[in-house]
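Structure, as structure tokens:
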Amino acid sequence: MFNLKGFLQLSKEAKIPELKGWVKEANETILKKGADLKVSKPSKITVAEIKKDRLYLTIEGEYPRPHDALQRFRKFFAEKAGKEHKIGVRGQIAEEYSAVFELEQKALKTVSVPFAEVKIDGKKCSLKFKDLTEDFLQKNYIDRIMNLVKEKIKYQFYEGKDEFSQTTWTGKERPTKYRSDPSEDLENKLWIKRTASKGQWVIGREFTVFLNSLKTLMKENVFKKLGFQEMIFPKFEYWDYPKGSGHANTIYPNAYFVMVPKNSSTEFWEPVSDHYKITKEIDKKGILERVESVGIMSYAQCPPFWALLQQSTVDESSLPLKVFDWSGPTYRNEAGGTHGLDRLEEFRRIEMIWVAKKEDEIKIWKDIVESLKNFYDKVLDLEIRTDRVTPWWMAHAGIRTDKGTDEMGTIDFNAYLPYRGDRKQEWLEIQNASSNGIKYTDGFGVKLPKGELWSGCAGAGLDRIAVALLAQKGVNPKDWPSALTDLVLPDLQNINPLKLL
Ligand code: SER
Ligand code: ZN
């Protein structure tokens, strides 16, 4: 049940003798329009009185929502009052608004939301709002706030639960030959070096050769065979992309934010510049006052791909579209801390995206899973396992228990890390492959002239593949699979190793 107390601001002081009749007429006609009387109580104006230049109203009911009813009545009233009394309506305010509704589950604890006071009693929830503006009412924030409360309560049941995971395939167990943490060995050899920034490394020449060789093998054995071609995706995401991908709902604790100057004049920045010249400290506060937030550094890699297709209809002759991107790193603020090369904040990834008609999309997904299994198991000779897990975009949104389906979901590829210990638990996710249904095409407004357009994506953590391979085989190139050794050795031999005194 909803209740609104507010007023219409009139253009001048007024006396309208017909008001009672108009309210009765509105209650019987425009306020009932579209209401299904079996499922909801129609909203009704219960009080209407003019004091000076304000028409005070109380509206109660379920459908239309009283704020909608207020809108409808405003139009109706303005026409009549304009014609008969030369009075206009200048604006509307809801001084008090309350919504009382049933919850699906009993909340485990209370929740809070912006703009409203929330009270929860068992399965009954009441929201109270004060002084709501026209904009607030028209944009239907009230229903969004009700949904948000319901969603928060639903999420309370996921907290502390393990993410859904079911093993679908386990590769052959390999003998353990090496038990060190490869990141430490590589650091000692100066193949990589930690920077001052959390979870970031500068990659030396030798390790660059190694990573490039892994990429070459992936291109030869996966992309070429499946017909994927290279693209370059932006690595900065203007806010439109997190909005389209859904990350704008929840990304904040994990994001690398991007800010740009509000003004680019030297004078505007002079105090910040001077502060550094004098103190040799960065004036972070001064900077924050002079920038605006324009987006985030790429987090999931695929969202900015959609700039290519957004708000378009794709000609069927272009399908299936199969591309990959490895043009730069992606970024995450890792609340749980970083480690070696397997938990980074700046990390190199390989993202495949395919866009196709539903049946074709699902088939491509399954072919990719088989091709990647072959690549990791046979070409790189890694001990891996595949798991069906919660679809990645749901996991990013904090939903942990969804299983996905055979048509839409995520398969994770995990590799065993001997240095961490027990084979039962010490596996690292190196790759995923997902059929995303219409999640992205819908989010970015991409259509076919006829029928559903689906998409999928698969992401590999290049640094993680490297860690898995080195953790299982050691850091000596002679112990690697011959295809890799053959690619790496000629370039490695040309490098004069760096020595620091
Ligand atoms: N975009 C997907 C993810 O971030 C696959 O890389 O998990
Ligand atoms: Zn993706």
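Ligands are counted one by one from 1 in listed order, and the atoms in each one are counted from 1 as well.
- Lys473 and Asp381 are joined by a salt bridge, as a carboxylate oxygen and a charged side-chain nitrogen come within less than 4.0 angstrom of each other.
- Residue pairs satisfying the side-chain hydrogen bond (donor to acceptor under 3.5 Å, both in side chains) criterion with at least one member in residues 213-222, sequence neighbours excluded, are listed as follows: Glu220-Lys224.
- The side chain to side chain donor-acceptor pair (under 3.5 Å) test applied to Ser482 returns no partner, not counting sequence neighbours.
- A salt bridge links Arg423 with Glu383: at least one charged nitrogen is closer than 4.0 Å to a carboxylate oxygen.
- Protein atoms of type N, O or S found under 2.8 Å from the Zn ion (ligand 2) total 3.
- Below 30°, between 30° and 60°, or above 60°: for Phe228 and Trp354 the angle between ring planes is above 60°, a perpendicular geometry.
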Please give the N or O to N or O pairs under 3.5 Å between ligand 1 and the protein, distances rounded to 0.1 Å.
{"from": "ligand 1", "atom 1": "1 (N)", "to": "Ala300", "atom 2": "O", "distance (Å)": "2.8"}
{"from": "ligand 1", "atom 1": "1 (N)", "to": "Glu351", "atom 2": "OE2", "distance (Å)": "3.1"}
{"from": "ligand 1", "atom 1": "6 (O)", "to": "Glu351", "atom 2": "OE1", "distance (Å)": "2.4"}
{"from": "ligand 1", "atom 1": "7 (O)", "to": "Asn432", "atom 2": "ND2", "distance (Å)": "3.1"}

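- Using a 4.5 Å cut-off on side-chain heavy atoms (C-beta onward), Val379 and Pro481 make no contact.
- Looking at Gln200 and Thr195, their side chains do bring a donor and an acceptor atom within 3.5 Å of each other.
- The backbone N or O of Glu187 sits nowhere less than 3.5 Å from a side-chain atom of Lys193 that would complete a donor-acceptor pair.
- Aromatic ring orientation, Phe324 versus Phe223: parallel (interplanar angle below 30°, classes split at 30° and 60°).
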